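Note sheet for the following structure.
This structure is a prediction, so every number in the text was calculated from the model and none was measured. Reckoned from all heavy atoms, side chains included, excluding hydrogens, waters and symmetry mates. Nothing fancy with the numbering, it's 1 onward along the sequence.
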Amino acid sequence: MEKQEVVNFILENTELDIYYQYLIGQNVWYFQNFSDDSETSYDEFKKFISRKLDVPFNNISIVGSAKTKFSFSPTKNFKVFGDDSDFDLIIVSNKMFHNIWNAYREVALERHLAGYQYKCSNVFNGFVSLKDTDPTYGKSVLEEWQRKVLTFKAELQLKFKIQHEVNYRIYSDWESVQDYHMRGISKLKGGLNETN
């Protein structure tokens, strides 16, 4: 897939069509290029994450440039997935979202919470964003999360060839996933319409 093909699709289709085609579909650029069997690999990956994090298979999705080859962030000008890119993974779990949000609220009441504004903006959009290197502030929920993801980090590298830092976005529900990404697509499309 080439950049112009993606740009043309965005210009010629609705935000919802773009969301379905590039963000929710089963085609994953990363697996198509770093795996022998892309469809099996994505399914196997989702089964793996489902078991490790105890979330339903259909509540897991890859987004971002690992999914499409190009970043759809309105500020990144279709940047190609590269060595410095994060591997963006969506987990939809209302319980997990609220547990982590509550842990962050407790931390913010007690002391400085790193990235406070960024975390507040994310929560407002219905998700929390975590990496395995984030501080846990001695909160059991955050420590347990970090323990879980660190136990299978090596397997992600060996079994699925994922060498990049994984950014886990835990959403409260699928409506929040769609709302957030549709807004981003709308901004991206608006910018393209201005330049074309």
Test salt bridge (charged side-chain N to carboxylate O under 4.0 Å, His left out) applied to Lys139 and Glu110, step by step: CA-CA 12 Å; Lys139 295 295 176 187; Glu110 298 165 359; 3.0 Å; yes
Criterion side-chain contact (heavy atoms from CB on, under 4.5 Å) on Ile90 and Ile62, from CA distance to verdict: CA-CA 6 Å; Ile90 285 176; Ile62 295 170; over 6 Å; no
Verdict with reasoning, Asp43 to Gln26, per side chain to side chain donor-acceptor pair (under 3.5 Å): CA-CA 9 Å; Asp43 280 352; Gln26 284 295 103; 3.3 Å; yes
CA sep, side-chain torsions, deciding dist, call: Leu113, Lys119, side-chain contact (heavy atoms from CB on, under 4.5 Å): CA-CA 9 Å; Leu113 176 64; Lys119 286 177 172 58; 3.8 Å; yes
Phe48/Leu156 under side-chain contact (heavy atoms from CB on, under 4.5 Å): CA gap, chis, key distance, verdict: CA-CA 9 Å; Phe48 176 84; Leu156 284 178; 3.7 Å; yes
Stepwise side chain to side chain donor-acceptor pair (under 3.5 Å) check, Ser73 with Ser71: CA-CA 5 Å; Ser73 171; Ser71 173; 4.6 Å; no
side-chain contact (heavy atoms from CB on, under 4.5 Å) assessment of Thr14 paired with Asp17: CA-CA 5 Å; Thr14 68; Asp17 290 334; 3.1 Å; yes
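A side-chain donor-acceptor contact under 3.5 Å links Gln4 and Asn8. For Glu165 and Thr133, the side-chain atoms include at least one donor-acceptor pair closer than 3.5 Å. Between the side chains of Asn27 and Gln21, not a single donor N or O lies within less than 3.5 Å of an accepting N or O.
Between Tyr168 and Trp145, the ring center distance clears the sub-6.0 Å criterion.
A 4.5 Å side-chain heavy-atom check between Phe97 and Ser176 finds every atom pair outside the cut-off. Arg169 places none of its side-chain heavy atoms less than 4.5 Å from the side chain of Leu89. Side chains of Ile49 and Ile91 form a contact here, defined as non-hydrogen atoms less than 4.5 Å apart. Val123 has its side chain out of reach of Arg105: every pair of non-hydrogen atoms, C-beta onward, lies at least 4.5 Å apart. Looking only at side-chain heavy atoms (C-beta outward), Val92 and Val55 stay at 4.5 Å or farther from each other. In this structure, Tyr137 and Arg111 have side chains that are in contact, with non-hydrogen atoms separated by less than 4.5 Å. Counting heavy atoms from C-beta outward, Phe127 and Ile170 have side chains that stay 4.5 Å or more apart. Between Trp29 and Phe70, every side-chain heavy-atom pair lies at or beyond the 4.5 Å cut-off.
Among the candidates Asp132, Asp86, Asp88, the single residue satisfying the side-chain hydrogen bond (donor to acceptor under 3.5 Å, both in side chains) test with Asn167 is Asp88.
Atoms NZ and OG, on Lys46 and Ser41 in that order, are 13.5 Å from each other to the nearest 0.5 Å. In this structure, the separation between OH on Tyr116 and OG on Ser121 is 12.0 Å, given to the nearest 0.5 Å. To the nearest 0.5 angstrom, Ile185 atom CD1 is 11.5 Å from Leu192 atom CG. The CG atom of Asp179 sits 8.0 Å away from the CG atom of Asp173 when rounded to the nearest 0.5 Å. Summarising the geometry, atom CD1 belonging to Ile100 is positioned 12.0 Å from atom OG belonging to Ser172; distances are rounded to the nearest 0.5 Å. Taking CD of Glu155 as the reference point, atom CD1 of Ile162 lies at 11.5 Å (rounded to 0.5 Å).
Taking each heavy atom of Met182 and Tyr19 in turn, the nearest pair found is SD-CB, 3.8 Å. Residues Trp174 and Ile60 share a closest heavy-atom pair of CZ2-N, 4.4 Å. Closest heavy-atom contact between Leu142 and Pro135: CD1-O, 4.4 Å. Of all heavy-atom pairs spanning Gln146 and Thr136, the tightest one is OE1-CG2, 3.6 Å. Smallest separation of non-hydrogen atoms from Leu23 and Thr68: CD2-CG2, 4.5 Å. Closest approach of His164 to Asp83, counting heavy atoms only: CD2-O, 3.6 Å.
At least one test fails for Lys3 against the ring of Phe78: distance under 6.0 Å to the centre or angle within 45° of the axis. Taking the centre and axis of the six-membered ring of Phe152, the NZ or CZ atom of Lys52 falls outside the cone set by 45° and 6.0 Å. Both tests do not hold together for Lys79 against Phe81: distance to the six-membered ring centre under 6.0 Å, angle to the ring axis within 45°.
Residues Val166 and Leu150 do not share a hydrophobic cluster, clusters being chains of Ile/Leu/Val/Met/Phe/Trp/Tyr side chains in contact below 4.5 Å.
Checked by atom type and distance alone, the side chain of Asp54 never pairs as donor or acceptor with a backbone atom of Ser50 at under 3.5 Å. One N or O on the side chain of Asp134 and one on the backbone of Lys131 form a donor-acceptor pair closer than 3.5 Å.
Ring planes of Tyr42 and Phe45: parallel class, angle under 30° (limits at 30 and 60°). Ring geometry for Tyr171 against His181 counts as tilted: the plane angle lies between 30° and 60°, on a 0 to 90° scale.
Residues meeting the salt bridge (charged side-chain N to carboxylate O under 4.0 Å, His left out) test with Lys187, sequence neighbours left out: none.
The environment of CZ in Arg147 is crowded: more than 12 heavy-atom neighbours from other residues, nucleotides or ligands sit within 6.0 Å. For Phe57, the CZ atom is densely surrounded, since the number of other residues' heavy atoms within 6.0 Å is greater than 12. More than 12 heavy atoms of other residues, nucleotides or ligands shown are found within 6.0 angstrom of CG on Asp84. Residue Lys153 qualifies as open at atom NZ: its count of foreign heavy atoms under 6.0 Å is 12 or below.
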